[in-house]
Amino acid sequence: MIVDTSFVLDVIDDIDAAVTKEREIEAAGVPLVIPSTTVLELYIGVGKVANTPAERQRVGAVLDSYPVVDMTPSIARRAGRLLGKRLANTSNGDGPGLGKGDAAIAATALERDEPVLAADTHFDTIPDVTVEMYR
């Protein structure tokens with residue numbers, strides 16, 4: 001199962017819904033993996049707001065507990081197509097409703113044929129992406 005950045009942030013912040021879901025999934029034997037894009041997004045946050053070594057270590061410890069899925073050329077192409085189609089289908093001035101990071105996470109899920117574990121519904125608008133909500 002592909003984890004969205006929102007899930008990792010909630011685990012880092014010890015949000016009960018995320019920690020409980022993590023335990024349920026692990027007990028079921030379903031592997032959780034982190035797309036490399038999520039690593040990027042998290043370390044942007046580390047650079048921006050992690051003011052103490054303890055905060056930085058907490059992020060590193062959570063990331064170290066999951067395998068990372070690299071962005072392959074195939075995933076990058078798929079993410080680009082997803083975002084390009086969104087841009088082509090928007091009116092002037094409207095955004096695509098999907099950022100580059102989320103496009104890459106969705107493409108990773110599609111490439112691996114796995115659901116995305118997320119706290120928000122924006123992945124619901126992407127065809128063929130299955131989303132598992134935890135709150």
Side-chain angles (χ1 to χ4, degrees):
M1 183 173 298
I2 309 299
V3 298
D4 180 39
T5 307
S6 61
F7 175 78
V8 179
L9 288 170
D10 284 350
V11 169
I12 290 168
D13 290 339
D14 205 29
I15 302 298
D16 187 54
V19 173
T20 299
K21 188 66 170 182
E22 179 184 44
R23 287 183 188 136
E24 288 172 5
I25 291 169
E26 287 176 352
V30 176
L32 297 173
V33 297
I34 296 180
S36 57
T37 300
T38 295
V39 176
L40 168 67
E41 290 177 336
L42 290 168
Y43 274 94
I44 289 169
V46 166
K48 186 175 179 182
V49 298
N51 298 318
T52 67
E55 290 173 324
R56 291 188 290 274
Q57 288 174 339
R58 178 79 176 128
V59 171
V62 170
L63 286 175
D64 288 346
S65 67
Y66 304 109
V68 174
V69 177
D70 290 331
M71 182 179 295
T72 63
S74 178
I75 291 171
R77 285 190 295 271
R78 192 180 285 237
R81 285 192 303 270
L82 280 171
L83 194 52
K85 284 181 184 177
R86 288 290 187 98
L87 288 168
N89 292 327
T90 59
S91 302
N92 287 340
D94 290 338
L98 181 70
K100 292 175 190 169
D102 288 335
I105 292 167
T108 302
L110 291 167
E111 190 82 8
R112 293 173 56 98
D113 193 27
E114 295 180 26
V116 175
L117 179 58
D120 43 47
T121 59
H122 58 270
F123 290 103
D124 286 342
T125 65
I126 303 168
D128 301 320
V129 172
T130 303
V131 182
E132 181 154 342
M133 304 293 291
Y134 62 93
R135 58 177 168 137

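Rounding to the nearest 0.5 angstrom, the gap separating the CG atom in Asp4 from the CG atom in Asp102 is 6.0 Å. Between the CG atom of Leu87 and the CG atom of Leu82 there is a distance of 11.0 Å, given to the nearest 0.5 Å.
Under the side chain to side chain donor-acceptor pair (under 3.5 Å) criterion, Thr121 pairs with no residue, sequence neighbours left out. Not a single salt bridge (charged side-chain N to carboxylate O under 4.0 Å, His left out) links Arg77 to another residue, sequence neighbours left out. Residues meeting the side chain to side chain donor-acceptor pair (under 3.5 Å) test with Glu41, sequence neighbours left out: Thr5. For Arg58, there are no salt bridge (charged side-chain N to carboxylate O under 4.0 Å, His left out) partners at least two apart in sequence or on another chain. Listed by chain and residue number, nothing satisfies the salt bridge (charged side-chain N to carboxylate O under 4.0 Å, His left out) test with Glu22 (two or more places apart in sequence, or in another chain).
Without hydrogens or angle criteria, Thr20 side chain to Ala17 main chain gives no donor-acceptor distance under 3.5 Å. Side-chain N or O atoms of Thr37 include none that pairs as donor or acceptor with a backbone N or O of Ala104 at under 3.5 Å.
Listed by first and then second residue, the salt bridge (Lys or Arg N to Asp or Glu O under 4.0 Å) pairs that reach into residues 119-135 are Asp10-Arg135, Lys21-Glu132, sequence neighbours excluded.
Val19 and Val62 fall into different hydrophobic clusters, where Ile, Leu, Val, Met, Phe, Trp and Tyr are joined by side-chain heavy atoms under 4.5 Å apart, directly or via other members. Both Val3 and Val59 sit in one connected hydrophobic cluster of ILVMFWY residues. Membership requires side-chain heavy atoms under 4.5 Å apart, directly or through other members. Both Ile12 and Val68 sit in one connected hydrophobic cluster of ILVMFWY residues. Membership requires side-chain heavy atoms under 4.5 Å apart, directly or through other members.
Counting all heavy atoms, side chain and backbone alike, Val131 lies closest to Met133 at CG1-SD, 3.7 Å. Nearest heavy-atom pair, Thr38 versus Ile34, reported as atom, atom and distance to 0.1 Å: CB-CG2, 3.6 Å. Taking each heavy atom of Ser74 and Glu111 in turn, the nearest pair found is OG-OE2, 2.7 Å. Scanning both residues, Ser6 and Ala118, for their nearest heavy atoms gives OG-CA, 3.9 Å. Pairing each heavy atom of Ala79 with each of Ala103, the nearest pair is CB-O, 3.6 Å. Closest non-hydrogen pair, Leu63 versus Tyr43, comes out as CD1-CE1, 3.2 Å.
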*Stepwise, does the side chain to side chain contact (heavy atoms under 4.5 Å, CB included) test hold for Ile25 with Tyr134?*
CA-CA 11 Å; Ile25 291 169; Tyr134 62 93; over 6 Å; no
*asked:* Set out, in order, the CA-CA distance, both residues' side-chain angles and the distance that settles side chain to side chain contact (heavy atoms under 4.5 Å, CB included) for Ile2 and Val33, then state yes or no.
replied: CA-CA 5 Å; Ile2 309 299; Val33 297; 3.4 Å; yes
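Within the 4.5 Å cutoff, the side chain of Ile105 has no heavy atoms near those of the Thr108 side chain.
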